[in-house]
Amino acid sequence: MNKVTFKTDLCKGCGLCEEACPKKIVKLNPDKLNAKGYNVAEVSDEDMAKCIACAMCARMCPDCVITVEKN
Amino acid sequence: MAEKVLMKGNEAIAEAAIRAGCRHFFGYPITPQTEVSAYMAKKMPKIGGVFLQAESEIAAANMVLGAASAGVRTMTSSSSPGISLKQEAISYIIGSDLPCVILNIQRGGPGLGGIQPSQADYFQATRSPDHGDAHMLVFAPASVQEMVTLVTDAFDLADKYRMPAMILGDGALGQMMEPVVFEDKEITPPEKPWATNGHENKRAHNIVNSLYIQPDELERIVKERFEKYEEIKKNETRVENFMTDDADVIVVAYGIAARVAKSAVRNARAAGIKAGLIRPITLWPFPAEAIKEKADKVKAFLTVELSMGQMVEDVKLAAEFKAPVEFFGRTGGMVPTTDEVFNEIVRLNGGNK
Amino acid sequence: MATVFKKPHALTDKPLHYCPGCTHGIVHRLVAEVLDEMGIEGETIGVAPVGCSVFAYDYFNCDVIQAPHGRAPAVATGVKRARPDRFVFTYQGDGDLAAIGTNETVHVGTRGENITVIFINNAIYGMTGGQMAPTTLPGQVTQTSPYGRNVATQGYPIRVCEMLATLDGVAYAERVAIDGVPGIMNAKKAIRKAFETQKAGKGLSFVEVLSTCPTNWGMTPKDAIKWLKENMESYYPLGCYKDKE
């Protein structure tokens, strides 16, 4: 399975990654805030299987929050 | 073997800078210092150096900032209105602790003023070289030979203390021709591990910066700089005492004014008046001690300047009201005559005896 | 497991201070990726401006100088003349480059200074809180054009790429936009080309990057990207304006 990891403490919840994801699996979690008070981006465990490791989310992220690994 | 040559002040200073290891000169034409640029333009390409005529004084000074950051000996020169434009970069240079040499061949002001000699940039050089709490080294040569010597010292001390050094000359010194000797001196600029010249993956990245957004941090850094200034005051203050041992009237003058004053002092001695001259060679740090020492021994100090009176304030502060401090000056490009200064000495002596 | 994407080495670990969705972070990363890919981080000196990207010295792992407002090209000139063997780039916003530093910008081009200039055009002054920039569009509302930029009294926006392309010393000038992932890939290609142009010693290489300022535009980051696409790209056409052989 491909793997997307988020340095959530760096996330500012801008949502640009959501928009970039062709599979629409990157989402801001409305129930999860980081220390800065932003709703953080994530991919749920069940959605991770749909990830194609295109890294569009990571390329769109202004804060280098996202690392993408391909299996 | 040291050679003796006849040279114009502006050209001598350029040659001295090259001999001091300066290979990066950034200039912009302005009277009466343009010969510096012209000399550099001719010489630098032949010795693998860089002469660049910038688009403005502002740009030239910022090129100096860049070259200094990269760790080389670098210099710019200008005259009064041009120095005002360079002040922005000078402030960043001070705030970033960068060494360089700046030459000001002063002309009359304010505004476009005139093109004749002046000493009216004393406040600018010593009090407010920029915005913010800061100083730079200020050297005041009084002859072409001294311009040469002081340029070398200016580069050395700028490197030693990581700060800009100014040679504060004037149109007369820049334009006059005098014999000058260039000593063959070994140039050994110090290592500059702080320079932004590419880390080659061998060290952490260097940063040249004057921005400190946390006030406590900025205060700490400014205070450290002022501790350095105290050390400089102790070690680098320079002054010439001429016939001051028994003097009743001491003239205080620097640069071109000091040459006039020295003649007047000689004439006064010939007329039986115990006159002397204190000539600051560094204007910052100012040789306050030399004046303080004499303050309770003289009838009066006479400050002579090519301005409406600027250094006179430093003389008054140094004299601490123990002796009267009087002023004689001409401005706008006018130079005091020996007779004018002589007459002032006679007056302050209480007559010709 | 192979890493497809991670933070480039030429960026430090310091969290960026930029507002959420600000595209400065993306352009920083693209420059850093190019330094990584060309293996030149250790031979590069960056020059940071005054404006939002003033803290760029904290973000790039190469040596960095913080320059006075608008003077980065002059500072970079000093560095390059002292160390012609090094890569030198400036990173400047529109106020810095196209207002207070126009003179330095033009003349670094006339001299054909062999450096790279990365120009962030987001049509507004960001750091000071959203005032009119030289690149603010006609009619665009800012703090100092509260009724919309009136060209009769406040003049017209400046198209820097087109202007610089007329100069003989400019070797490469291209305008790109952070308007989505394809735009980002394109921007990276341009930045790479700029550094390659410098490597070849051809003269000034210049990349204008249309960017967003969601906070001062008063939009969400997503809407800001849309606004950039719909409004800026018509006034500032993308493309290569100069590519000297």
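Chain naming here is simple, since letters A, B, ... match the order of the sequence lines and numbering starts at 1 in each.
Contacts between residues 22-29 of chain C and chain A, counted as heavy-atom pairs separated by less than 4.5 Å, involve C/C22, C/G25, C/I26, C/R29. Within residues 206-222 of chain C, the residues having any heavy atom less than 4.5 Å from a heavy atom of chain A are, in residue-number order, C/P221, C/K222.
Between chain C and the options A/K3, A/K7, A/M56, the largest number of non-hydrogen pairs under 4.5 Å is found for A/M56. Between chain C and the residues A/V68, A/D9, A/T67, A/N71, the largest count of heavy-atom pairs under 4.5 Å involves A/V68.
What you find for C/V4 and A/A53 is that their closest heavy atoms are CG1-O, 3.7 Å. Here the shortest heavy-atom pairing between C/V181 and A/A20 reads CG2-CB, 4.0 Å. The shortest non-hydrogen separation linking A/K36 to C/P15 is NZ-CB, 4.4 Å. Closest of all the heavy-atom pairs between A/C14 and C/P20 is CB-C, 3.8 Å.
With values rounded to the nearest 0.5 angstrom, A/C61 atom SG is found 8.0 Å from C/F5 atom CZ. We find the CE-CG distance between C/M1 and A/N2 to be 6.5 Å, quoted to the nearest 0.5 Å. To the nearest 0.5 Å, atom CD1 of residue A/I66 and atom NZ of residue C/K7 are 15.0 Å apart.
Here the side chains of C/L11 and A/C64 are in contact, with some heavy-atom distance below 4.5 Å.
C/I225 touches chain A through its side chain: at least one heavy atom from C-beta onward sits under 4.5 Å away, while N, CA, C and O do not. When heavy atoms are compared at a cutoff of 4.5 Å, C/I184 approaches chain A solely by way of its side chain, counted from C-beta outward.
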